[in-house]
> 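Pasting a structure below so you can have a look.
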Amino acid sequence: MDLTYTPEQQAFRAEVRAWLEAHVPEAPLEHYDATREGFEAHREWEKTLKTGDWGMVTWPKEYGGRGLDLIQWLIFEEEYYRAGAPGRVNQNGIFLLGPTLIEFGTHEQKQRFLPPMASGEEIWAQAWSEPQAGSDLAGVRSTCVLEGDDYVLNGHKIWSSRAVFADWAFGLFRTPGTERHKGMSLIFFPLNAPGVTVNAIKKINGHVGFAEIFLENVRVPAFNRLGDEGQGWHICMATAGFERGLMLRSPARYQVAAAKLAQLWRANKETADPILEADVVRAHMNADAYALSIYQTASRLMAGAKIGPEASTNKIFWSEMDIDLHQTALSILGSEAELIPPPGTHDWLDDYIFSLAGPIYAGSNEIQRNIIAERMLGLPR
Amino acid sequence: MDFTLSDEQLMFAETARTLFADSCTPDHWRKMMEAGVAREDARWASIVETGLTLVLLPESAGGLGLAESDFALIAQEAGYVALPEPLVESAGVAAPMLASLAPDHAVLADPLATVAIAHQVNPFVANADSAAAILLEKDGEAYLATPDQVTLVAQPVIDPFRRLFKVEWDAANATPLGKADWDLALDRAALFAAAQGLGLAQRAVDLGVDYAKERQQFGKPIGSYQAVKHHLASAQVAIEFARPVVMAAAAEIGHRDIQARARISHAKLVALEAADKAARASIQVHGAMGYSWEVDVHLFLKRALALTQSWGTPAFHRARIAQRLFTQPNGPDQTFARENDHA
Ligand SMILES: Cc1cc2nc3c(=O)[nH]c(=O)nc-3n(C[C@H](O)[C@H](O)[C@H](O)COP(=O)(O)OP(=O)(O)OC[C@H]3O[C@@H](n4cnc5c(N)ncnc54)[C@H](O)[C@@H]3O)c2cc1C
C-alpha cells in the first residue's frame, strides 16, 4: 500500500491543471439540458478538450484517448472538477458506452465510433428503458430483425437522457419471439434516421433532460450491433457496472460539493442552526470515503481484478450522500432555500432537485439492494 | 499510489482468522461467561505462539517491527469473533508504548503477559486486573505499576468480556518511565477500535444472513423478503464505505498530522456506526430470537457499544474531523494531501 502520488502522477496533475486553467471558460455555460444553445456550447467545449487530447484519457491513443491508467483518470477528474469545468454532455457515450465498446467491440467498430465520441462530434444517448421495462429491463419489447446486412428496429424507448439534442443512441432490442435475458442485442442507431421520432420530456426542473423515442422500421447496418446477437444483456450489465460503479460518478464531483458546503457553512455560521455543523462534517466524510473507496477499486482493477458487486454499493452510497449533502445546504440557507439563485451563483437548489433522481436512475436503489443481498450476501431470491 | 493489501498482509490476516475461527467460537464464550472469566489461557497461549502479540513491537524489544496497517487486519479479525482477550489494547497500544519507553522491561520479555493502559480520554481502564502491568499517566509522564500496587475498583459492564476499573494510585508506588507519547497511543487505539468495528459489523451481517436463509415464515425463507434483504444490504453498504477509510487511516497514521488524525477519527466513527447498524439489523432479522441471550448477536452489539464510547467519544472524533475540515484546504486534490504540503 502506498498512498502517495509518484512524481510522474504529480507532474501529470500539474499538466492537467495548467491546461484547464488556460482553457476552462470563465462564464458558466448554459445547461446542456436547458436549450439547444446550451447543448451546442457544451459540444464546443468537448471539441476544445479534444484539442488538448483530454476527451477520454483512459482510452487507447489510436481511438482518440491518451492510454492512461485509472489513477491518472482519477487525477484528471479531480482537476477537472476542481477547475469548475463544464459538465460532460457526452457522459453516456464516454463513460458508459465507451468502456463497453473497448471491451466488446471489433477494431473496426472502435475506429468508427470512439474518436468522434471522444471529440464530441457525435453525442450519445442511452436507449434502454421502455414504458413497460424500467427496473425489469429484461422485459424490453423493442425488436430487431436482421434483413440482409441491416437490422430493422421497432419499438418505444423512454427516459433517454440528452436524446432530444444528441446524435446517436445505443439501444437494447430483442429478436422477435425471444424472452427475457436471452435474445437481446445492443444496437446503435442515429437519432435522425428515417423512422425515428424523438419527443422531449420535461424533468421536474423544467429542462428537457430526457426523451421518448419511437422507432418505426428504422434500418441500421448489422455493423452497428455490439457483440454477438443475443449477447446484449451480458454487455449491458458490463455497462451498468461502469454506470453504477466507477466511471459515471467519479468522487471529485462530491468532494467539490462538500468543500463548497464547508464554505457555505462558514459564511452562515452565525445565523444557521449550530447542529448543522455535524452534517457538514458528515458530507466531507462521505465524499472522502467515496474517494478512498474509488482509489481502492482503481488499484484493484489495475492489479487485474474485475468490477464486482461494489458497483451496487457505490451506486447506493453516492446517490444517498448526494441527497444528504444538498439537504444540508438547503438547511443552512434556511428561508433562502426556495429561491432560484441569480445566474452565475452556485445553484444548491437545482443540484438538490437533481440529486433526487440519483436513487432512481442507473438502476434504482431498491434494485441495487436486492443485488447486494442476493449476489454479495447470498440470500435467496 | 497503490491502495491494495500485500500478499504478506493478507497471509497474516488469514492466519489470525483461522486461529480465531478454531479457538474462539460462541461455545467458548458461553463457557467463559458461565465461569465468569474474561481470558482463556489456552487460546491466549496459541495467540502468543503465532506471534500476533509481536507484530507492532519493535525488533529491539523482541518484536516483528511491523506497521499499524498489518495489525489493523488482525484487529479486524479479533472483532469478527468478539475476541475476549485484550489482544488489541495490549499488543496494539500498551505494549508498543512500553517498548518505546523501556524496551528491555521484563514485562515485555514475558510473551504471555498483557499490559493495560490508563489514558486521559478513558475514565475506566480495561482489563487492568489480569494485566501484568498498567501504564499510568501523570502530567504527561508515564508510570508503570502492577495491579497490586494500585487500587482497582471494578465497574459493572454490559460486555461480559470487558472488565473495566477505576484505578486509584500513588506515583510513589509506581515506576516512572518519563515523557510518553499519549497522542500516539490514542491514535492507535482509535484506529484499532475502528478495525475491530469492521469485524464486528461483518459478523453481525453474516449471522443475520445465515439465519435469514434458514428461518421460514409464510412458507419461504425470510431472506427472500425484500424488507429483510434491504436491512442487511444497507448494513453491508456501511461496511464497504468504512473499510477503505480504516485501511487509509492505518497506512497514514505515521504522518502524525492533522489529516492523519482526522482520518483515524473518521475511521472510528464510521466503522463503529457500521457495527451498530449491522448489529441492530441482525437483531431485527432474528426477530425475538435476536433479543434473546441465546443468540450471539448481542455480544457484537455490546462490543460495538463499548468501542464506540471508549478511546474518544463520537463527539471527540467529530471535532477532530471538523478541525481538519475548517483549518485545512479541502477538495478533490486534497484526499491524500498532508499538512506540510501546505506549509
Ligand atoms: C434523471 C433520469 C435519467 C434517466 N436516464 C436514462 C437514460 O438515459 N436511458 C435510459 O434507458 N433510462 C434512463 N432513465 C430511466 C431509469 O433507468 C429508470 O427510471 C429506472 O430503471 C427505474 O425504472 P422505472 O422508472 O420504470 O421505475 P419502475 O421500475 O416502475 O419502479 C418504480 C418503483 O418501484 C421500485 N421497484 C420496481 N421493481 C422493484 C423490485 N423488484 N423490488 C423492489 N422495488 C422495485 C423501484 O425501485 C421504484 O422505486 C433515467 C431516469 C431518470 C430519473
Side-chain angles (χ1 to χ4, degrees), chain A residues 1-6 9 13 17 71 75 77-79 81-82 251-253 255-256 258-259 262 265-266 277-278 280-282 284-286 288-300 302-303 310 312-314 316-317 320 366 368-374 376-381, chain B residues 1-6 9 67 69 205-206 208-209 212-213 220-226 228-234 236-245 247-252 262-263 265-267 269-270 314-315 318-319 321-322 324-326 329-336 338:
Chain A
M1 206 180 314
D2 175 11
L3 302 187
T4 56
Y5 296 107
T6 62
Q9 287 165 341
R13 183 187 291 284
R17 188 171 292 188
I71 300 290
I75 293 171
E77 289 280 301
E78 287 168 358
E79 290 303 317
Y81 279 97
R82 192 180 163 278
R253 171 195 186 104
Q255 290 180 303
V256 165
W265 168 250
R266 280 178 167 166
E277 185 176 284
V280 175
V281 171
R282 178 65 58 174
H284 164 77
M285 287 165 66
N286 285 343
D288 206 36
Y290 185 60
L292 291 173
S293 154
I294 296 291
Y295 267 94
Q296 205 173 49
T297 303
S299 295
R300 282 199 316 104
M302 282 165 65
E310 68 261 39
S312 293
T313 57
N314 284 3
I316 291 172
F317 194 80
E320 293 184 350
E366 287 74 24
Q368 302 314 313
R369 284 190 161 86
N370 293 348
I371 292 174
I372 294 167
E374 286 160 20
M376 211 169 163
L377 301 178
L379 286 166
R381 291 179 65 87
Chain B
M1 178 66 59
D2 172 22
F3 201 164
T4 54
L5 294 168
S6 70
Q9 286 176 314
S69 42
V205 168
D206 290 354
V209 167
K213 285 184 191 166
K220 291 198 286 185
I222 56 168
S224 63
Y225 296 109
Q226 267 184 2
V228 169
K229 283 182 176 159
H230 288 194
H231 278 305
L232 295 168
S234 298
Q236 191 65 41
V237 172
I239 296 171
E240 296 306 321
F241 285 88
R243 186 177 293 123
V245 184
M247 295 304 148
E252 292 177 340
R263 188 87 87 207
S265 291
H266 181 176
L269 277 171
V270 291
R318 202 176 302 113
I321 303 167
R324 182 242 176 277
L325 175 60
F326 297 123
N330 50 84
D333 57 335
Q334 301 295 319
T335 314
F336 301 103
R338 308 245 66 91

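The structure presented is a predicted model; accordingly, all values stated were derived computationally and were not measured. Side-chain atoms are counted along with the backbone in the values below, which use heavy atoms only and exclude waters and symmetry mates. Just so we're on the same page: letters track the sequence lines, and every chain starts at 1.
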> Is it true that Tyr295(A) and Phe3(B) have ring centroids separated by less than 6.0 Å?
no

> Heavy-atom pairs under 4.5 Å with chain B: which of Val281(A), Thr313(A), Leu379(A), Leu3(A) has the most?
Leu3(A)

> For Gln368(A), is it the side chain, the backbone, both or neither that has a heavy atom under 4.5 Å from a heavy atom of chain B?
neither

> Most heavy-atom pairs under 4.5 angstrom with chain B, which of Asp2(A), Val280(A), Val256(A), Ile372(A)?
Asp2(A)

> Looking at Glu310(A), Glu77(A), Glu79(A), Arg266(A), which makes the most heavy-atom pairs under 4.5 Å with chain B?
Arg266(A)

> Could you grab the distance from atom CG of Asp2(B) to atom CZ of Arg300(A), nearest 0.5 Å is fine?
12.0 Å

> Any idea which heavy atoms bring Met376(A) and Glu240(B) closest together, and the distance?
CE-OE2, 3.4 Å

> Give, as side chain, backbone, both or neither, the part of Val228(B) having an atom under 4.5 angstrom from any heavy atom of chain A.
neither

> To the nearest 0.5 Å, how far apart are CZ in Phe336(B) and CG in Leu292(A)?
5.0 Å

> For chain A, which of Arg263(B), Lys220(B), Arg318(B) has the most heavy-atom pairs under 4.5 Å?
Arg263(B)

> CG/Leu325(B) to CZ/Arg282(A) distance, rounded to the nearest 0.5 angstrom?
13.0 Å

> Out of Ser224(B), Ala250(B), Ala242(B), Ala319(B), return the one with the most heavy atom pairs under 4.5 angstrom to chain A.
Ser224(B)

> Counting only non-hydrogen atoms closer than 4.5 Å, does Ala298(A) touch chain B with its backbone (N, CA, C, O), its side chain (CB onward), both, or neither?
neither

> Counting only heavy atoms closer than 4.5 Å, note whether Phe326(B) contacts chain A via side chain, backbone, both or neither.
both

> Return the CG to CD1 distance between Asp288(A) and Ile321(B), rounded to the nearest 0.5 Å.
9.0 Å

> Sort Gln296(A) into side chain, backbone, both or neither according to what part of it lies under 4.5 angstrom from a heavy atom of chain B.
both

> Nearest heavy-atom pair of Gly378(A) and Lys213(B): which atoms, and what distance?
O-CE, 3.1 Å

> Give me the atom names and distance for the closest heavy-atom approach of Phe241(B) to Ala289(A).
O-CB, 3.7 Å

> Less than 4.5 Å apart, any side-chain heavy atom of Thr335(B) and any of Glu78(A)?
yes

> Nearest 0.5 Å, what's the CD-CD distance between Gln226(B) and Glu374(A)?
8.0 Å

> Backbone N or O of Pro380(A) within a donor-acceptor pair of the Lys229(B) side chain at under 3.5 Å?
yes

> Heavy-atom pairs under 4.5 Å with chain B - which of Ile371(A), Asn314(A), Asn286(A), Ile71(A) has more of them than the others?
Asn314(A)

> Against chain A, label Thr4(B) side chain, backbone, both or neither, depending on which of its atoms sit under 4.5 Å from a heavy atom there.
both

> Atom CE of Met285(A) and atom NE2 of His266(B): how far apart are they, to the nearest 0.5 Å?
4.0 Å

> With a 4.5 angstrom heavy-atom cut-off, which part of Thr4(A) approaches chain B: side chain, backbone, both or neither?
backbone

> Heavy atoms, side chains only, cut-off 4.5 Å: are Met1(B) and Thr6(A) in contact?
no

> Among Arg82(A), Gln255(A), Arg13(A), which one satisfies side chain to side chain donor-acceptor pair (under 3.5 Å) with Asp333(B)?
Arg82(A)

> Between His230(B) and Glu366(A), what is the shortest heavy-atom contact and its length?
NE2-O, 3.3 Å

